[in-house]
Amino acid sequence: MFDIAVIEDPAAAEASLDPIRARLLAELAEPASATMLAARVGLARQKVNYHLRALEQHGLIELVEERRKGNVTERVMRATAASYVISPMALSAVRPNPGQSPDRLSARWLLAVAARLVQDVGALITGADRADKRVATFAIDAQVRFASAADRAAFAEELAGAVSRLVGRYHDESAPGGRDHRVVVALHPHVPPDQESTGTTG
């Protein structure tokens, strides 16, 4: 089981967003059979089996083992990942394009950049899994409290300058065998965990 998996297929995304199937995915963090799940979610075993077949068809769950009980073979399933994120590729016709109207002070442009990040890293993970390789990435996640809006603006300008200097120092357009990397730096108000579902920041 992966820690996190990226859903790129529209049909798989649709399957994962169904409330019942999303609940089954959460329950299948640990292996379980349709009979076990039926008791937990309050549905008939046949109904649970129907949803499990759909999830398995899209690679969201996998068979762990088969147990013989009398004349019945019980299939024990498990989610293929502990958590999932849906790539903008699942909505390819309407996915955000950060190349349009770039504005480093726009929250919507930041969202478009973040969507591209999910899309790109998702594609890298998919390719690496197929090749049985690791993806070379690096990330920093930090929290800073500013005393004023002026301090926040000064921090942003200093950060932008530092990143620009680093990019200029290490970027080598003519390096033989070199590989381009994307650098994304973002700054936004912190959303406390108890407000994430509502989107309010107080």
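Only a predicted model underlies this, so the values are computations on that prediction, with no experimental measurement involved. Values below: every heavy atom of this structure, side chains too, minus hydrogens, waters and symmetry copies.
Nearest heavy atoms, Arg67 versus Glu65: NH2-OE2, 3.2 Å. The two residues Glu74 and Ser33 have their closest heavy-atom pair at OE2-OG, 3.2 Å. Closest heavy-atom contact between Arg45 and Ala34: CG-CB, 3.9 Å. The shortest non-hydrogen separation linking Gly122 to Glu8 is C-OE2, 3.6 Å. Taking both residues in full, the closest heavy atoms of Ala29 and Met1 are given as O-CE, 3.3 Å, listed atom of the first, atom of the second, then distance.
Between Leu25 and Arg21 there is no side-chain heavy-atom pair separated by less than 4.5 Å. Within the 4.5 Å cutoff, no side-chain heavy atoms of Pro96 are placed close to those of Leu111. The side-chain heavy atoms of Leu187 and Phe155, taken from C-beta on, include a pair separated by under 4.5 Å.
A distance of 8.0 Å separates CD1 of Ile61 from CZ of Arg75, quoted to the nearest 0.5 Å. Rounded to the nearest 0.5 angstrom, Leu24 CG and Leu52 CG are separated by 5.5 Å. Atom CG of residue Leu37 and atom NZ of residue Lys47 lie 15.0 Å apart, to the nearest 0.5 angstrom. The NE2 atom of His51 lies 4.0 Å from the CD1 atom of Ile20; values are rounded to the nearest 0.5 Å. The CD atom of Glu27 sits 5.0 Å away from the CZ atom of Arg40 when rounded to the nearest 0.5 Å. Once rounded to the nearest 0.5 Å, the distance linking OG of Ser92 with CD of Gln119 reads 9.0 Å.
One hydrophobic cluster, built from ILVMFWY side chains closer than 4.5 Å, holds both Ile4 and Val118. Under the 4.5 Å side-chain heavy-atom criterion for Ile, Leu, Val, Met, Phe, Trp and Tyr, Leu17 and Ile7 are members of the same hydrophobic cluster. Met77 and Tyr50 are not part of a single hydrophobic cluster, where members link through side-chain heavy atoms under 4.5 Å apart. Note on Val41 and Leu28: same hydrophobic cluster, where clusters join Ile, Leu, Val, Met, Phe, Trp and Tyr whose side-chain heavy atoms are under 4.5 Å apart, directly or indirectly. Note: the hydrophobic cluster containing Val163 does not contain Leu110 (ILVMFWY, side chain heavy atoms under 4.5 Å, direct or indirect links).
Between the side chains of Asp18 and Ser16, not a single donor N or O lies within less than 3.5 Å of an accepting N or O.
Environment of CD in Glu14: sparse, with no more than 12 heavy atoms of neighbouring residues, nucleotides or ligands closer than 6.0 Å. Applying the 6.0 Å contact sphere to CZ of Arg108 captures no more than 12 heavy atoms from other residues, nucleotides or ligands. By the neighbour-count criterion of 12 heavy atoms within 6.0 Å, atom CZ of Arg152 is sparsely surrounded, having that number or fewer from other residues, nucleotides or ligands. Within 6.0 Å of CZ on Arg134 lie no more than 12 heavy atoms contributed by other residues, nucleotides or ligands. Annotation: Glu66, atom CD; neighbour count of heavy atoms from other residues, nucleotides and ligands within 6.0 Å is above 12.
Looking at Arg104 and Glu157, a side-chain N of the basic residue comes within less than 4.0 Å of a carboxylate O on the acidic one, giving a salt bridge.
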Name every donor-acceptor pair, under 3.5 Å, that has one atom in a side chain of residues 80-90 and the other anywhere in the protein, sequence neighbours excluded.
| residue | atom | partner | partner atom | Å |
| --- | --- | --- | --- | --- |
| Thr80 | OG1 | Gly59 | O | 3.1 |
| Thr80 | OG1 | Leu60 | O | 3.1 |
| Thr80 | OG1 | Tyr84 | OH | 3.1 |
| Ser83 | OG | Asp3 | O | 3.1 |
| Tyr84 | OH | Leu60 | O | 2.7 |
| Tyr84 | OH | Thr80 | N | 3.2 |
| Tyr84 | OH | Ala81 | N | 3.2 |
| Ser87 | OG | Met89 | N | 3.0 |

